[in-house]
2 protein chains.
Amino acid sequence: MGSLQIFLRESADAGSFCYIGRKGHGRLPWCHPYLVYDHRMGLKYYKSEDKVLLAVDCIIFGFDNGELKILLVRRNMEPEMGKWSLIGGFMKKAEDLDQAATRVLQNLTGLGDIYMEQLYTYSKVDRDPGQRTISVAYFALIDVASHQFEGVQLETARWFPLSDAPDLIFDHNKMVAKAVARLRRRALTMPIGFELLPDKFTMRQLQTLYECILDKELDKRNFINKFKSLDVLIRLDEKDMTVARKGAYLYTFDKDKYDRKVEEGFSFKL
Amino acid sequence: MGSLQIFLRESADAGSFCYIGRKGHGRLPWCHPYLVYDHRMGLKYYKSEDKVLLAVDCIIFGFDNGELKILLVRRNMEPEMGKWSLIGGFMKKAEDLDQAATRVLQNLTGLGDIYMEQLYTYSKVDRDPGQRTISVAYFALIDVASHQFEGVQLETARWFPLSDAPDLIFDHNKMVAKAVARLRRRALTMPIGFELLPDKFTMRQLQTLYECILDKELDKRNFINKFKSLDVLIRLDEKDMTVARKGAYLYTFDKDKYDRKVEEGFSFKL
DNA sequence: TCCTTAAGTGTATTTGATACATTTTAAATG
DNA sequence: CATTTAAAATGTATCAAATACACTTAAGGA
């Protein structure tokens, strides 16, 4: 009894599939695209030579000391040993990309409740000279002050002011640039400051944050008026007495109102 | 002579790398992350069990007969045989995602000069019940009228009005929804109509296109005023006499001015 | 008590978005 | 040839939002 043979049609672009069948018996209609049938092994994957490793790289923004910063690690490995790089890792087969990004970040910072968002997928053939890797970039926002994480990995990680960050490996510079653009857009579509500030903050801090993100000076009165009209802030009775002799009122975000606003979808210009 | 052994550190998230070296000899500093050294094979990939197939799926928008449409194919394969699906294919190891998307589209339509843009990467573990596949969605804009493509594959492909499209396989509905949102945003950031209209078009066509994209009626005078003030249109001396007794002037985009505008970055509200 | 420093506050002006109605043209009709 | 008809072309007044702009207030330190 000869072994069972299969045939495949090469070009399979039209609908993500190609015809598969037994020689002389027509296609096997139940057969999944890109599967190969082998009479001993049962179904197995086709085109495994086109499988690739999927990495996630995280652009982690923090706001500290009136500056917008990103978290980088020094690469201790060739190629590009000693150069700075984004925090990253590989997606495991049992998880999706969001989970992979969360895991990578959690392993580093020990924190789980962090704003993350998928940014873009980078796939140039030679982007990683070592091997073919596709990288999905995520950007994350964390409040540096409240999150004094003690992760072991932190020996190798460091916060850099965005304006004074070193050159990065591979296409990581591009990723950062795109993340900054995205952050800028988000800042105008949702009061994203939430994620980057401590629970209680002054108007000044909020404004400085926006000035850093948008990279331009804002008028204090206009800024406050606009933000107040958004109606997502609660002024506390507390004051921060360290910033001025007079002291400055502390605010928190009104999470409920904020969430409602985000759902409604709104934009606001600065 | 015993075989050369290697050791790896398992958790490798902090910087996309892990330590690799010969047992007892410290790590090999020149060795790339996630490579394994084998004395017979030389370098080979590590963690190949976490490699996955990368698909691209294209949301192809067309504008025809005053309607916004998408191009779908009927799936002739299990699972989900007979259901409608986006046009897709797999990325080959020798190409990047943009190239894969272009190839997929070119194979289908025979056309190469098409506006395409990466949308989002979908990676839920069970998104394709057949096997683990990650899909990178692209959205494309083509002018149906000028591009009467004769691709062989077209037997299986069909244009559907966006408002009357069938349910799609996997997470393709989600992809379409996201693409529509992106298209809407683009329409307000760049005069994207360019891509969806024939070379020469009437103001009415342009307005109808925008009405379809934004899904709301627009005032004719305001629309024309705003678009004229953008200064990217050239009014030709020709008229389209089929649309009205009076005839309607034909316009083209001023590609140069348009490109300059896009570079400057501008937004305009409708 | 006075000085200093940053916080806090309101209005006038400009700019852009919206609402809205009549005239024009050429083909079709009688 | 005069009249009808259907859609194209056009401009202004109003309203809303963005911007520009300067003085007063509070509390700590000298």
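Here is the naming used below: chain letters follow the sequence lines, and residue numbers restart at 1 for every chain. The analysis underlying the following values was restricted to heavy atoms, covering all of them including side chains, and did not include hydrogens, waters or symmetry mates.
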- Query: What about A/K246: does its side chain form a donor-acceptor pair under 3.5 Å with the base of C/dA7?
  - Reply: yes
- So does A/R245 reach the base of C/dT4 with its side chain, donor to acceptor, closer than 3.5 Å? yes
Separation of [X] atom [atom1] from [N] atom [atom2], in whole Å?
{"X": "A/K220", "N": "C/dG8", "atom1": "NZ", "atom2": "C1'", "result": "7 Å"}
{"X": "A/K239", "N": "C/dA6", "atom1": "NZ", "atom2": "C1'", "result": "11 Å"}
{"X": "B/Y249", "N": "D/dA7", "atom1": "OH", "atom2": "C1'", "result": "14 Å"}
{"X": "A/M203", "N": "D/dT25", "atom1": "CE", "atom2": "P", "result": "21 Å"}
{"X": "A/R221", "N": "D/dA18", "atom1": "CZ", "atom2": "P", "result": "17 Å"}
{"X": "B/D219", "N": "C/dT22", "atom1": "CG", "atom2": "P", "result": "15 Å"}
{"X": "A/D240", "N": "D/dA26", "atom1": "CG", "atom2": "C1'", "result": "15 Å"}
{"X": "B/L218", "N": "C/dA17", "atom1": "CG", "atom2": "C1'", "result": "13 Å"}

- Query: In terms of side-chain geometry, is the basic nitrogen of A/E238 or A/K200 positioned less than 4.0 Å from the acidic oxygen of its partner?
  - Reply: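 Salt bridge present between A/E238 and A/K200.
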- Message: Can you tell whether the side chains of B/D167 and B/K83 come within less than 4.0 Å, N to carboxylate O?
- Response: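 The answer is yes: the pair qualifies as a salt bridge.
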- Message: What contact category does B/K226 fall into here, base, sugar-phosphate, or nothing, at under 4.0 angstrom with non-hydrogen atoms?
- Response: sugar-phosphate
- Message: Students often get this wrong, so: under 4.0 angstrom with heavy atoms, is A/K228 touching a base, only sugar-phosphate, or nothing?
- Response: sugar-phosphate
- Item | Candidates C/dG10, D/dA9, C/dA27 - which lies nearest the side chain of B/M241 |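 Comparing C/dG10, D/dA9, C/dA27 against the side chain of B/M241, the answer is C/dA27.
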- Task: Let me know, please, whether B/N222 or B/G247 comes out on the 5' side of the other along DNA chain D by nearest nucleotide.
- Result: B/G247
- Want to settle it: does B/R204 or A/N225 sit nearer the 5' end of DNA chain D, counting the closest nucleotide to each? B/R204
- Item | Step-by-step side chain to side chain contact (heavy atoms under 4.5 Å, CB included) determination, B/L206 to B/F227 | CA-CA 10 Å; B/L206 186 62; B/F227 234 102; 3.9 Å; yes
- Task: Could you tell me whether B/D199 atom CG has more than 12 heavy atoms of other residues or ligands within 6.0 Å of it?
- Result: no
- Task: Identify, between A/L250 and B/A244, the residue whose nearest nucleotide on DNA chain C lies closer to the 5' end.
- Result: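 The residue mapped nearer the 5' terminus is A/L250.
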- Query: Only one of B/L105, B/I142, B/I87 clears side chain to side chain contact (heavy atoms under 4.5 Å, CB included) with B/L71; which?
  - Reply: B/I87
